[in-house]
Structure formats: structure tokens, C-alpha cells
Novice: 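The structure that follows is given in the form of C-alpha cells.
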Amino acid sequence: MALPNSPSVSINGERLLERIAELAQIGEIEGTKGCSRLAFTDGDRDGRDLVVTWMRDLGLTVTIDAVGNVVASTNSDGASGAVMAGSHIDTVGTGGRYDGNLGVLAGLEVIEATLAAGIELARPLAVAFFSNEEGSRYPPDMMGSLAYVGGMSVEAVLEVEGSDGTVVGEELDRIGYRGSAPCPGVTPHAFVELHIEQGPVLDKEDIQIGVVEGVQGISWTELTLVGQSNHAGTTPMSLRRDPMRVAAEVVVAARSIASEIGGSQVATVGSLHLHPNLVNVVPASATMTVDLRNTDEALLQLAEEQLRIRVAAIAEDEDVTVESRSLARFEPVEFDERVVEQIELLAEKTGLSTKRMPSGAGHDAQMMARICPTGMIFVPSLDGISHNPAEHTDEKDLIAGAQLLSDTMLALTEVDW
Ligand code: HGY
Ligand code: MN
Ligand code: MN
């Protein structure tokens, strides 16, 4: 489905790069290019304030919903029926400056360039940033966009307790972003997210654009292992009920499961807390998380089942109890082929090299795909590094991605589904 004469506008790449740099100063991590703006912290609030100011300076209609999702539209009635770009501006604790931020600021740039050129479009344009995409402080990830599409109630979101003991609703009130716009939100005509790949494929294969076909399934589990705290010096090994021994073998088991299943299967133990966490005390308890992902739902379920079986066996052998809590569970998502093809055709028309690929990372687009035709554009991440302050994408790739986002958004204003 090609639209040879769809409207187009040249984005202002310098303005985009300046905004990325200015936003990155908020929560900047000393001595690095990265930033730390965990969801609903003061840094997140300050980042939100800056982007909302840019939105309002453009004369856009800005809505804030009950979980803090922010949508800016060229239509005074809001984003219903608009071609929407978006992503997130919250970061992990050791984040880079492009993860999420690029998609939001590129969407804003497309709108600014289109308004400046005085181009009349058949449909409005909109750009959104969704709350708490990362899920690091408050699980699940993609929390705001999940609520936006009706996958999680506002009430459930507001009562989520974070890893630091704070509660979402109170933090939203504290930073002033518990809005009044309806959630679930209005349905756009289409949604397109520009994002860095965060993996090594495009960089290694020297390809400019990733045409994303879908997002792999995600399973986050928190395990609370309870044994018996005891003296490190006097307790014979045979009498120990040591949750750290169980945790250590769970880490090895998770990696074995990933290598046994192979393919796209990945497994990560990203957080582990011991209590009382003291050098001369056999721990009383260990709390850990296991992140499993696969593009294939059946294989992801197999990985989850294998984890359950092995955790139970190790814990039984150590006489340690296990409490398991699901923090996030999303099945694999496929994007709308009509949007995927549009991105591919426009990239090729521009002379950009492309590769169709799945996304290893979760994204707000995987939620928006539940309510409207959705697609994603990837640009290369140097050495595939992300969720790391050293995250880098070359300026020419950032600008090429934003221009393709613009071409795609404007082309989609002409498409009737
Ligand atoms: O977890 C993820 O994949 C995303 O960064 N929230
Ligand atoms: Mn992201
Ligand atoms: Mn991320």
C-alpha cells in the first residue's frame, strides 16, 4: 500500500537534537550522557513540565489523564481520530538519553514542522508520553499505556506500591500529574513509535532503520524466599535454611532455561535483596525478580513452567519457603501489517536501508496496538547498549528516524482503514 503523493514536511533536525539534549539535563547522571528520571519522582515531574511547556508553546491542546498520561493534539477537541506518535520520558535508574525520549520529542518535532509549514491535513496529529513505561519503580512496565487502552484500571494503577514503599496515587498527586482527562483514553486513527533499538542488530549489520513487526512476550516474577537467619560462624552447613543459596541456584537455573530453550529466549535476574544483608548473618529472606521473554507465547510459558519446577525443587532441598508474585505478564504482539508496510515503503523511498525485526524490549506501542493500527521504527543503538548511561545513537540516525516518523505520520493521515 504505497501513497506516492502523501503530504510531507522536512523536520528540523537541529531543533530535535537541542530538545533531546535539554531534556537529558534533567536528572543527568554526573559525567555521563545518561539520565535518571524514575517514574513519578521530582526528576520525572521536571521532565514532564519541560515537555508540556514545549507542547503548550506550540498551541497544542494538552490533556493529562488520571494516571498522568499526557497527550497533545493539533485538534482543539483532542486526539480522537488523530495520527499519534508517542513513547515515554521516564527512565530506568541508570538510563540513557534516547530511550523513550526520542519518540516523544520526534513526534513533537513532526507537529511543529507541520504547523510551521502550514500544511493542511485530513486528520489531526498528536503526540503522547505515557506514565511509567519502565516499570522499574512501580511494576508493571508500560503501566500508563496499559491503563490508556483499558488493560489496567485507574484504581489498580493508583494503589500500586513501589519498590521503595511509596504508592503511585500519592506520588502522582505529589508531582501534580493526576489529571482529569478520561482513562482509558481516546482512540487515535493510528499510532507510530520511533525508538532506539536497544539491541545490537542494526548496528552490527550496518542497517539504518528497523521496521518493527512486533514485540516479544514479557513475564516478570518476584520471588520471596524465606529461610532462617542464623549465626554465620556457629551454624553447621547441614542445619542451614539459607535463602541466598536458593537465590543463587535460581540465577543459574534461569540462565540454563534460556540456553536450553534457545532462540529469542532471554532470562534476567535484575534485582536481589537480602534481609538482614549482613556479613555474619545467614539471611532470613531473599527477594528477587526474574524477567523472562520470548517472541513465542508457548515457549515463554514453557520457560515459566521450568522456572516454577526448578525453584520449587531447590527451595525444598534447602527447606526454604517460596512466595511468587507476578509483576508483569504480556503476550507477544504483532503490529498492523498495513502500518509496517507503510514504514518500510517510505524508508525505502527515502533510500534508507531497512530490516524487519521483532522488538526485544517492551514499548507503549505494544499497548496501543490493542486499540488502533500501530507500528514502530527503530534506529541503531551503538554496540546495542541501552538501560545504561552510555546509550548512544548517531545524530544522523536520530534525524533520519524522525524524518521517517514524519513521513509515516503524514502518510497515515491520508489512509482510511
Ligand atoms: O522492560 C522493558 O522492556 C522496557 O524497557 N520497559
Ligand atoms: Mn523505552
Ligand atoms: Mn527502557
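We count ligands from 1, going down the list as the structure has it; atoms in each ligand are counted the same way. Fair warning: this is a prediction, and the values are worked out from it, not measured in the lab.
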Novice: Looking at H88, which of its N, O or S atoms is the nearest one to the Mn ion (ligand 2)?
Specialist: NE2
Novice: What pair of heavy atoms forms the shortest contact from A411 to L346, and how long is it?
Specialist: CB-CD1, 4.0 Å
Novice: What is the NE2(H387)-the Mn ion (ligand 3)-OD2(D99) angle, to the nearest 10 degrees?
Specialist: 90°
Novice: Contact between ligand 1 and F330 is defined here as a heavy atom of the residue under 4.0 Å from a ligand atom; is it met?
Specialist: no
Novice: Check whether any heavy atom of R293 sits under 4.0 Å from an atom of ligand 1.
Specialist: yes
Novice: For a quick test of reading the model, state the closest non-hydrogen atom pair linking S386 to D99 and the distance between them.
Specialist: OG-OD2, 4.4 Å
Novice: Could you tell me whether a side-chain N or O of T350 sits under 3.5 Å from a main-chain N or O of E348, the two making a donor and an acceptor?
Specialist: no
Novice: Does R329 count as lying over the ring of W220, i.e. NZ or CZ under 6.0 Å from the six-ring centre, within 45 degrees of the axis?
Specialist: no
Novice: Output the list of atoms in ligand 1 that are nearer than 4.0 Å to some heavy atom of H387, sorted by atom number.
Specialist: 5 (O)
Novice: With a 3.5 Å distance limit and no angle check, can you tell me whether E316 reaches the backbone of V311 through a side-chain donor-acceptor pair?
Specialist: no
Novice: CG/D397 to CG/L202 distance, rounded to the nearest 0.5 angstrom?
Specialist: 9.0 Å
Novice: Could you find the nearest protein heavy atom to atom 6 (N) of ligand 1 and give me its residue, atom name and distance?
Specialist: E133 OE2, 3.1 Å
Novice: For the pair Q265 (side chain) and R293 (backbone), establish whether a donor and an acceptor sit closer than 3.5 Å, ignoring hydrogens and angles.
Specialist: yes
Novice: Below 4.0 angstrom from a heavy atom of W220, which ligand 1 atoms are there? Numbered from 1 as shown, please.
Specialist: 1 (O)
Novice: Counting only nitrogen or oxygen atoms and a 3.5 angstrom limit, does D141 reach ligand 1?
Specialist: yes
Novice: Assess E134: does it contribute an N, O or S atom lying under 2.8 Å from the Mn ion (ligand 3)?
Specialist: yes
Novice: Of all the non-hydrogen atoms in the protein, which one sits nearest to atom 5 (O) of ligand 1, and at what distance?
Specialist: E134 OE1, 3.0 Å
Novice: Taking 2.8 Å as the cut-off, does H195 contribute an N, O or S atom near the Mn ion (ligand 2), distance below it?
Specialist: yes
Novice: Is the closest N or O pair between A361 and ligand 1 shorter than 3.5 Å?
Specialist: no
Novice: Pick one: which of E161, R137, E171 meets side-chain hydrogen bond (donor to acceptor under 3.5 Å, both in side chains) with T166?
Specialist: R137
Novice: Any atom of ligand 1 sitting under 4.0 Å from a heavy atom of Q198?
Specialist: no
Novice: Is R45 close enough and on-axis enough to F40, meaning under 6.0 Å and within 45°, for cation-pi?
Specialist: no
